[in-house]
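Structure, as structure tokens:
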Amino acid sequence: SSTMSFSEAEVQSARGAWEKMYVDAEDNGTAVLVRMFTEHPDTKSYFTHFKGMDSAEEMKQSDQIRGHGKRVFTAINDMVQHLDNSEAFLGIVNPLGKKHATQLKIDPKNFRIICDIILQLMEEKFGGECKASFEKVTNEICTHLNNVYKEAGW
């Protein structure tokens, strides 16, 4: 089940949708994390340096949160560039999943949370069609990350 089934049209529309978000990778990545930390405060526990931050304003200014938001968006961008190449896609997803499972010990449900917030933000900024064309990508990312976790013994 490691092969992905995106039609050429799906790949193109997903890339078009993502491009709109990635233009402002740092700001949008930050917005996603800030929303995750405020709506799901338990997710903050994984980030020791964010623990003391309670206000969204404070979080938005944090270099660490901005840096991590940008990293998340850069990783997704790399995946989006390889939707038509399962091997290359998994070459990005697998080490990322392994690191989060074994070193960082992040609960895999957080990937779904973050993907849902990305979709939410897409819809708010660019409408339902934009969100719809990216939904399959987030499902694919979460499915493959969960597989990596299973292999890592979660």
TODO: Answer with yes or no whether the hydrophobic clustering places Y149 together with V93; edges join I, L, V, M, F, W, Y residues whose side-chain heavy atoms lie under 4.5 Å apart.
DONE: yes

Task: M59 reachable from L33 in the ILVMFWY side-chain graph, under 4.5 Å edges - done: yes

Task: Minimum heavy-atom distance A14-V137, with the two atoms named - done: CB-CG2, 3.6 Å

Task: Contact check, side chains of N110 and I113, non-hydrogen atoms, under 4.5 Å - done: yes

Open item on the list: Is any side-chain heavy atom of Y46 closer than 4.5 Å to one of L104?
Closed with: no

Open item on the list: Do F37 and M53 make a side-chain contact, defined as non-hydrogen atoms from C-beta onward lying under 4.5 Å apart?
Closed with: no

Open item on the list: If you apply the rule side chain to side chain contact (heavy atoms under 4.5 Å, CB included), what do you find for R15 with Q81, and how did you get there?
Closed with: CA-CA 8 Å; R15 282 186 183 151; Q81 300 319 312; 4.2 Å; yes

Open item on the list: I'd like to know if the side chain of K131 reaches the main chain of E124, judged simply by a donor and an acceptor atom lying under 3.5 Å from each other, with no hydrogens or angles considered.
Closed with: no

Task: Other residues, nucleotides, ligands: >12 heavy atoms within 6.0 Å of K99 NZ - done: no

TODO: Grab the two heavy atoms, one from L145 and one from G97, that are nearest each other, plus how far apart they are.
DONE: CD2-CA, 3.6 Å

Task: Ionic contact status for K70 with E26, cut-off 4.0 Å - done: no

TODO: Step through the shown structure and confirm whether more than 12 heavy atoms of other residues, nucleotides or ligands are within 6.0 Å of CG on D63.
DONE: no

- [ ] Please answer whether the main-chain N or O of Q61 pairs with a side-chain N or O of R66 as donor and acceptor at a distance below 3.5 Å.
- [x] no

Open item on the list: Can you give me the closest heavy-atom contact between M21 and F126, atom names plus distance?
Closed with: SD-CE1, 3.8 Å

Open item on the list: Counting only heavy atoms from other residues, nucleotides and ligands, does the tally under 6.0 Å from CD of E129 exceed 12?
Closed with: no

Task: 4.5 Å side-chain heavy-atom contact, F134 and L119 - done: yes

Open item on the list: If you define the side chain from C-beta out and look only at heavy atoms, does anything of I76 sit under 4.5 Å from Y22?
Closed with: no

- [ ] Look up atom CD in E8 and atom OG in S13, then write down how far apart they are to the nearest 0.5 Å.
- [x] 10.0 Å

Task: Residue pair H144 / E140, side-chain donor-acceptor N/O under 3.5 Å - done: yes

Open item on the list: Please determine whether a side-chain nitrogen of the Lys or Arg among D42 and K109 lies less than 4.0 Å from a carboxylate oxygen of the Asp or Glu.
Closed with: yes

- [ ] Say whether, by atom type as modelled, one donor and one acceptor occur between the side chain of H40 and the main chain of M36 under 3.5 angstrom.
- [x] no

Task: Side chain N77, main chain F73, donor-acceptor under 3.5 Å - done: no

Task: Steps toward side chain to side chain contact (heavy atoms under 4.5 Å, CB included) verdict (N28, L121) - done: CA-CA 8 Å; N28 286 330; L121 198 65; 4.1 Å; yes

Task: Interatomic spacing from NE2 in H49 to OG in S62 - rounded to 0.5 Å - done: 6.5 Å

TODO: Apply the test side-chain hydrogen bond (donor to acceptor under 3.5 Å, both in side chains) to residues E135 and N139: give CA-CA distance (whole Å), side-chain angles for both, the deciding distance (0.1 Å), then the verdict.
DONE: CA-CA 6 Å; E135 232 155 347; N139 291 338; over 6 Å; no

Open item on the list: I need the T43 OG1 to R35 CZ distance, nearest 0.5 Å.
Closed with: 13.5 Å

Task: Sub-4.5 Å side-chain heavy-atom contact between E10 and K136 - done: yes

Open item on the list: With a 4.5 Å cut-off on side-chain heavy atoms, are Q120 and D116 touching?
Closed with: no

Open item on the list: Any heavy-atom pair between the side chains of F111 and I141 that's under 4.5 Å?
Closed with: no

Task: Atom pair CZ/CD of F50 and Q64 - distance to nearest 0.5 Å - done: 6.0 Å

Task: Nearest-0.5 Å distance that lies between atom CE in M79 and atom CG in L90 - done: 10.0 Å

Task: Smallest separation among heavy atoms of A75 and I92, with atom names - done: O-CG2, 4.2 Å

Open item on the list: Treating K105 as the side-chain partner and T102 as the backbone partner, does any N or O pair qualify as donor plus acceptor under 3.5 Å?
Closed with: yes

Open item on the list: Between D107 and R112 (salt bridge meaning N to carboxylate O under 4.0 Å), is one present in this structure?
Closed with: no

Task: ILVMFWY network linking L83 to L96, side-chain heavy atoms under 4.5 angstrom - done: yes

Task: Transitive ILVMFWY side-chain link V148 to I106, under 4.5 Å - done: no

